[in-house]
Amino acid sequence: SVTSDSHRSGMGYGIVHQQRIPADESENLFRRVASPKTVSVIGAPMTYGQPFVGTDSGPSLLREQGLLQDLTTLGWRVEDIPDLE
């Protein structure tokens with residue numbers, strides 16, 4: 001059996017590394033996206049199979065913390081679709 005960290009990553013093991021894109025490379029990241037860049041944010045709160053309390057609050061907390069404003073600041077047109085029931 002293989003036990004190296006490279007084979008166990010993605011299964012809840014190992015260290016997750018910060019993967020930020022340098023500012024000078026961010027223009028190339030979306031070069032194939034038609035202008036204007038548009039994104040729809042759909043809230044899908046759920047708790048199924050989740051042992052933690054509060055996971056269904058995730059979509060509203062992301063909105064409260066400024067996700068939509070951050071996307072707009074980055075030059076995206078944002079359509080906010082309310083949380084699913």
Side-chain angles (χ1 to χ4, degrees):
S1 97
V2 178
T3 59
S4 73
D5 287 337
S6 65
H7 290 88
R8 294 183 350 186
S9 63
M11 296 188 306
Y13 301 106
I15 299 171
V16 176
H17 297 283
Q18 182 79 298
Q19 295 185 4
R20 290 190 165 224
I21 298 169
D24 57 339
E25 294 179 19
S26 63
E27 286 298 317
N28 291 329
L29 184 63
F30 300 107
R31 67 183 176 274
R32 292 193 173 102
V33 176
S35 289
K37 299 181 288 189
T38 305
V39 64
S40 295
V41 177
I42 303 171
M46 61 179 273
T47 57
Y48 301 109
Q50 189 55 248
F52 302 106
V53 175
T55 56
D56 55 337
S57 302
S60 61
L61 292 173
L62 287 170
R63 287 183 178 99
E64 289 173 18
Q65 292 300 311
L67 173 66
L68 306 176
Q69 293 82 6
D70 289 347
L71 291 169
T72 302
T73 301
L74 292 171
W76 289 82
R77 284 189 181 175
V78 180
E79 175 188 16
D80 184 15
I81 299 174
D83 288 354
L84 304 174
E85 303 253 343

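- Under the 4.5 Å side-chain heavy-atom criterion for Ile, Leu, Val, Met, Phe, Trp and Tyr, Val39 and Leu68 are members of the same hydrophobic cluster.
- Clustering of Ile, Leu, Val, Met, Phe, Trp and Tyr by side-chain heavy atoms under 4.5 Å joins Ile42 with Ile81, Leu84.
- Listed by first and then second residue, the ring-ring contact (aromatic ring centres under 6.0 Å, His included) pairs involving residues 39-63 amount to none (not counting sequence neighbours).
- Under the side-chain hydrogen bond (donor to acceptor under 3.5 Å, both in side chains) criterion, the residue pairs touching residues 63-76 are Arg63-Asp80, Arg63-Asp83, with sequence neighbours excluded.
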Between side-chain atoms of residues 53-60 and protein atoms elsewhere (two or more places apart, or another chain), which donor-acceptor pairs fall under 3.5 Å?
from, atom 1, to, atom 2, distance (Å)
Thr55, OG1, Met46, O, 3.2
Ser60, OG, Ser57, O, 3.0

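- Within the 4.5 Å cutoff, no side-chain heavy atoms of Val41 are placed close to those of Leu62.
- Closest of all the heavy-atom pairs between Lys37 and Gly75 is CE-O, 3.8 Å.
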